[in-house]
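Below is one structure, written out as structure tokens; comments come after it.
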Amino acid sequence: MLNVPSQSFPAPSSQQRVASGGRSKVPLKQGRSLMDWIRLTKSGKDLTGLKGRLIEVTEEELKKHNKKDDCWICIRGFVYNVSPYMEYHPGGEDELMRAAGSDGTDLFDQVHRWVNYESMLKECLVGRMAIKPAVSKGLSHEVEEDFSVRVVENVGKIEIVLKKKETTSWKRLGHPLENHNSLIPRKDTGLYYRKCQLISKEGVTHDTKLFCLMLPPSAHLQVPTGQHVYLKLTITGTEIVKPYTPVSDFLLSEFKEPVLLNNKYIYFLIKVYPDGLFTPELDHLQIGDSVSVSNPEGNFKTSQFQELEDLFLLAAGTGFTPMAKILNYALTNIPSLRKVKLMFFNKTEDDIIWRSQLEKLAFKDKRFDVEFVLSAPTSEWNGKRGHISPALLSEFLKRSLDKSKVLICICGPTPFTEQGIRLLHELNFSKDEIHSFTA
Ligand code: FAD
Ligand code: NAD
């Protein structure tokens with residue numbers, strides 16, 4: 001709880017209540033100070049009216065919420081229900097209403113650039129704006145629907161090859177469309193979903209399957225190493241969204257073809273929980289059915305690998321999924337790398353994803369080692385046993401050189417990851433040396 005006297009702060013004559021000139025501020029009512037607002041946001045009250053659910057907001061939907069008692073505003077791609085905030089706004093209700101039901105980014109940037117609305121209005125967040133796919137065409141002649149996109153991730157180059165429908169010479173290329181020649185930072189773009197088709201589903205362990213989805217024609221989606229996407233299905237009339245980390249179709253495919261042209265397929269290793277909400281539905285899909293796939297998100301950057309010498313991966317269960325691409329990336333692109341070690345925690349031998357592939361990789365590449373740790377093994381298991389522990393970690397995390405540059409990636413069930421991070425700090429690894437994966 002915040003220990004602030006409610007009615008007297010700020011004082012009725014304070015600068016926080018009345019502007020001293022310049023930008024107009026309106027006197028706020030008693031009990032409507034910034035501190036009162038913070039107290040309200042921490043009270044647990046449902047300020048959006050959506051009971052904590054986040055939705056994707058279309059422009060049409062946004063426009064409908066344009067009244068004082070039902071006022072939604074979009075700021076940098078995020079939509080907030082600002083009705084509860086009206087009386088607390090130092091600029092007054094009328095000023096907020098200027099942006100009602102619309103994009104208020106410019107208005108907020110002009111007047112309150114220094115205010116961190118993302119944080120102030122966190123509890124009012126309704127969701128993100130849905131992005132409309134481009135419909136108008138700017139080219140002067142028709143091109144084939146199927147075009148290729150080549151992304152060279154490490155130099156940031158994107159090459160798009162369009163094929164003319166007719167082999168005539170074009171007098172001009174066409175006319176530029178809105179947003180031509182502009183770059184939109186990824187944080188400012190909303191989540192955009194494309195409908196993908198289920199192409200195949202193949203058992204990997206008794207409960208984990210490799211799902212292959214095909215992107216719609218001409219769509220390009222390259223998910224950066226260590227990042228995830230959201231899959232969306234409508235389950236009994238409600239849209240349900242869960243995060244998943246794509247993998248390559250098999251562990252070493254990227255060794256054969258480092259830059260994949262025209263990625264048409266996206267692969268997921270997904271564990272089906274019989275009593276889960278999402279995965280049984282996904283498992284019941286027929287080949288040819290569709291699943292919506294979002295653009296990528298995530299806090300992992302391959303720049304964390306720069307000059308890296310030792311990479312340690314701690315994965316539990318499907319927490320292995322981000323490690324699959326990380327392994328590929330590190331072993332192919334990081335010349336300074338001396339050692340990559342994966343400690344893979346599972347309940348039983350039958351739960352280990354891609355065991356033989358990992359063992360083959362360890363055999364083929366001397367820099368790579370894998371250790372399996374089982375929490376519920378049979379009596380025949382000769383390997384390591386138990387849960388993540390100081391003893392297991394201190395033995396495993398040996399640097400190849402005294403001061404070698406090290407990165408430890410950890411992913412699995414939340415208690416596993418939390419406990420792991422705590423133990424790593426106890427072993428004196430710094431924050432910069434640890435990466436955990438979150439949605
Ligand atoms: P849920 O309905 O969430 O249930 C899962 C299990 O938990 C069930 O056994 C259920 O009975 C139990 N459970 C549910 N609620 C409770 C409760 N309150 N108390 C106790 N038990 C409960 N998964 C993958 O398989 N592959 C991936 O690549 C992958 N990537 C991910 C990436 C990120 C960034 C994150 C955050 C998660 C990822 N996951 C991945 C997990 C995935 O998002 C889902 O959480 C998972 O598929 C379970 O979804 P579900 O709706 O089927 O199950
Ligand atoms: P699981 O239940 O099969 O457990 C695998 C291992 O995790 C166990 O053998 C044990 O060693 C460890 N473990 C489990 N519970 C633990 C606890 N309470 N304390 C310490 N260790 C524990 O795992 P699963 O069903 O495959 O679940 C995988 C988890 O990974 C899910 O929660 C999923 O959401 C998460 N995940 C996260 C990401 C991400 O990017 N954030 C990606 C994939 C999966």
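Whatever order the structure lists them in is the order used to number ligands and atoms, beginning at 1.
In this structure, Trp354 and Phe320 have perpendicular ring planes: the angle between them is above 60°, well past the 30° mark.
Here atom 27 (O) of ligand 2 lies nearest to Tyr273 when heavy atoms of Tyr244, Tyr273, Phe344 are compared. The closest non-hydrogen atom to atom 2 (O) of ligand 2, taken over Gln227, Lys347, Met323, comes from Lys347. The closest non-hydrogen atom to atom 35 (C) of ligand 1, taken over Pro243, Gly276, Gly298, Pro280, comes from Pro243. Here atom 1 (P) of ligand 1 lies nearest to Leu277 when heavy atoms of Thr279, Leu277, Leu282 are compared. When the heavy atoms of His228, Gln419, Lys242 are ranked by distance to atom 20 (C) of ligand 2, first place goes to Gln419. When Gln227, His228, Lys209, Lys242 are ranked by how near their heavy atoms come to atom 45 (O) of ligand 1, first place goes to Lys242. Taking all heavy atoms of Asp283, Leu231, Asp275 into account, the minimum distance to atom 9 (O) of ligand 1 is reached by Asp275. Between Gly319, Ala315, Cys411, it is Cys411 that holds the heavy atom closest to atom 38 (C) of ligand 2.
Using a cutoff of 4.0 Å between basic side-chain nitrogens and carboxylate oxygens, Glu418 and Arg422 are not scored as salt-bridged. Between Lys201 and Asp283, at least one side-chain N (NZ, or NE/NH1/NH2) sits under 4.0 Å from a carboxylate O, which counts as a salt bridge.
Between Ile388 and ligand 2 there is no heavy-atom distance shorter than 4.0 Å. In this structure, Thr318 counts as a contact residue of ligand 2, since one of its heavy atoms falls inside 4.0 Å of the ligand. For the ligand labelled ligand 1, residue Phe268 lies outside the 4.0 Å heavy-atom shell.
Applying the 4.0 Å criterion to heavy atoms of Ala316 picks out, from ligand 2, the atoms 6 (C), 7 (O), 28 (C). If you number the atoms of ligand 2 from 1 as listed, the ones under 4.0 Å from a heavy atom of Ser375 come out as 8 (C), 9 (O).
Nearest non-hydrogen protein atom to atom 7 (O) of ligand 1 is Tyr273 CD2, 5.0 Å. Counting only heavy atoms of the protein, atom 40 (C) of ligand 1 lies nearest to Tyr244 CD2, 3.6 Å.
Annotation: His387 places an N or O atom under 3.5 Å from an N or O atom of ligand 2; distance criterion only. On a distance-only criterion, Thr414 and ligand 2 share no N/O pair closer than 3.5 Å.
Under 4.0 Å from ligand 2, the heavy atoms of Thr321 that appear belong solely to its side chain. When non-hydrogen atoms are compared, ligand 1 lies under 4.0 Å from the backbone of Phe278 as well as from its side chain. At a heavy-atom cutoff of 4.0 Å, ligand 1 is contacted by the side chain of Thr321 but not by its backbone.
With Leu269 as the partner, the side chain to side chain contact (heavy atoms under 4.5 Å, CB included) test is satisfied by one option alone out of Thr318, Thr205, Val204: Val204.
Shown here for Leu358 and Phe368, the closest heavy-atom pair between the two residues is O-CE2, 3.5 Å.
Side-chain atoms of Asp46 and Thr48 include a donor-acceptor pair closer than 3.5 Å.
Aromatic pair Phe305/Phe300: centroids less than 6.0 angstrom apart.
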